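When reading the values below, keep in mind they use all heavy atoms of this one structure, side chains included, and skip hydrogens, waters and symmetry mates. Computed from a predicted structure; not experimentally measured.
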Amino acid sequence: MTEPHAAQGHPCRRPRHLLPLAAALASTMVVGVAGLTLGGAEGIPGTGGGAGAGARGTVGARGVADVRAAGDARETVGARGTVGTQKRVGTQETVGARGAAGPQGVRGAAGAGAARTVSPAASFAAALAAASPAGSSAAGEGAGRAVLRAAGLGPKTLARVPADARQVLVVKGAGPDANRGTARLYTRTGAGDWVPGSARPTRNALRGWTDDHRSGDLRSPAGVYRIGDAGGLLPNPGTRLPYDRSDEFAEGGTGFAGESLDTAFDHVLAIDYNRVAGVSPLDRARPLGEERGGGIWVHVDHGGPTHGCVSLARADLVALLRELRPEWHPVIAMGDGERLAR
């Protein structure tokens, strides 16, 4: 028995706050930020390692930083694997007394003159704005991952987070047999700090979680997986990820609570469990075999538990899709608290 896709009956069909700084900041300091360079393969479970913050720069007198943006080239993959490129160039920005920061993807800060007093909030905002590709040190990465450990990720789970992953969606189930939980997206800045996003309620499979998912077991597969392909019945809601708009996402029928599934796949985010990365979520290839199930997505909540997927409220899923950036190699770490803490 296999877990079919949307038009043939998907598995779901029934038959902000700021990150705490690692060290207290002095009341008077010279602020500098450096970017972060991403490289290497896509986020593949089982890889580890990491790098941390780069060298610090300086900020000139009266809090004005002449910030020059680095060209941030990134690849975008089309609905069926077509590859294109986009280039985004940042703009100059001025850092005021409270350290108001410009858009992400800006690297480098240079200035001359006297140092100024900067609040911790201003320092962190500037660091967050400097989250463009550049080198980072292992020490910075190690310190930054303390936030992920505090989020409940243990050494084995962290070892599966690829070194080039700068976004980790942590989905923590309420228990091993529970079908509700919470999702939170963590994004790594150029300084190596992991910044948590808002908590979003989730649903998962009817019977909870498993380390050995099988087709029809009504449990969600715990683990760390790449999340880089999206799609849905409705047009792209604004995600940078490759997005496959298709009528094949149309679904009928009812869920476990008798709820309609008509809008469940308006937008979906494929979880790379037993699937080929870089293709439409509708792709039916199962590298581990049909018996291991598949078609595991993050999709629109339909008011009841799933067959194996994770679901979010529509607004939360749209927001998540807009936050994810393919050049930051996002992954999902999902499971109940006990499994994630290993």
For the hydrophobic clusters of this structure (ILVMFWY residues joined by side-chain heavy atoms under 4.5 Å, transitively), does one cluster hold both V298 and V318?
-> no
Could you pull out the closest heavy-atom pair between G295 and C309, with the gap in Å?
-> O-SG, 3.6 Å
Side chain to side chain, T182 and K172, heavy atoms closer than 4.5 Å = no
Shortest non-hydrogen separation from R214 to R292 and the atoms involved = NH1-CD, 3.1 Å
Do the non-hydrogen side-chain atoms of T157 and V224 ever get within less than 4.5 Å of each other?
-> yes
Among T187, V168, T189, find the residue that satisfies the side-chain contact (heavy atoms from CB on, under 4.5 Å) test when tested with W194.
-> V168
Residue set satisfying salt bridge (charged side-chain N to carboxylate O under 4.0 Å, His left out) with R322, at least two apart, ordered chain then number -> none
On a heavy-atom basis, the closest approach of V276 and A285 is CG2-CB, 3.8 Å
Verify the neighbour count for atom CD of E259: are there more than 12 heavy atoms of other residues, nucleotides or ligands below 6.0 Å?
-> yes
From CA spacing to verdict: side chain to side chain contact (heavy atoms under 4.5 Å, CB included), Q167, R325 = CA-CA 8 Å; Q167 290 182 311; R325 296 179 61 165; 4.1 Å; yes
Which of these, D301, T306, T202, sits in a side chain to side chain donor-acceptor pair (under 3.5 Å) with S311?
-> D301
Under the 3.5 angstrom rule, does the side chain of R275 hit a backbone N or O of S280 as a donor-acceptor pair?
-> yes
In D177, D211, N204, the residue satisfying side chain to side chain donor-acceptor pair (under 3.5 Å) with R219 is D177
In terms of heavy-atom contacts, does CZ of R180 have more than 12 from other residues, nucleotides or ligands at under 6.0 Å?
-> no
Looking only at heavy atoms, what is the nearest atom pair of V171 and W209, with distance?
-> CG1-CH2, 4.2 Å
Side-chain (R245) to main-chain (G231) donor-acceptor, under 3.5 angstrom | no
Okay, side chain of N274, backbone of G293: is any donor-acceptor separation there less than 3.5 Å?
-> yes
Are any side-chain N or O atoms of D247 and backbone N or O atoms of A250, one a donor and one an acceptor, separated by less than 3.5 Å?
-> no
Worked verdict on R200 versus R184 for side chain to side chain contact (heavy atoms under 4.5 Å, CB included) | CA-CA 6 Å; R200 294 160 173 156; R184 194 186 295 270; over 6 Å; no
Between R226 and G278, the two heavy atoms sitting closest are NH1-N, 3.8 Å
Nearest non-hydrogen partners of Y225 and D272, listed with the distance | CD2-O, 3.7 Å
Check step by step if side chain to side chain contact (heavy atoms under 4.5 Å, CB included) holds for L185 and L324.
-> CA-CA 9 Å; L185 180 65; L324 294 175; 4.0 Å; yes
Got a donor-acceptor contact below 3.5 angstrom from the D336 side chain to the G175 backbone?
-> no
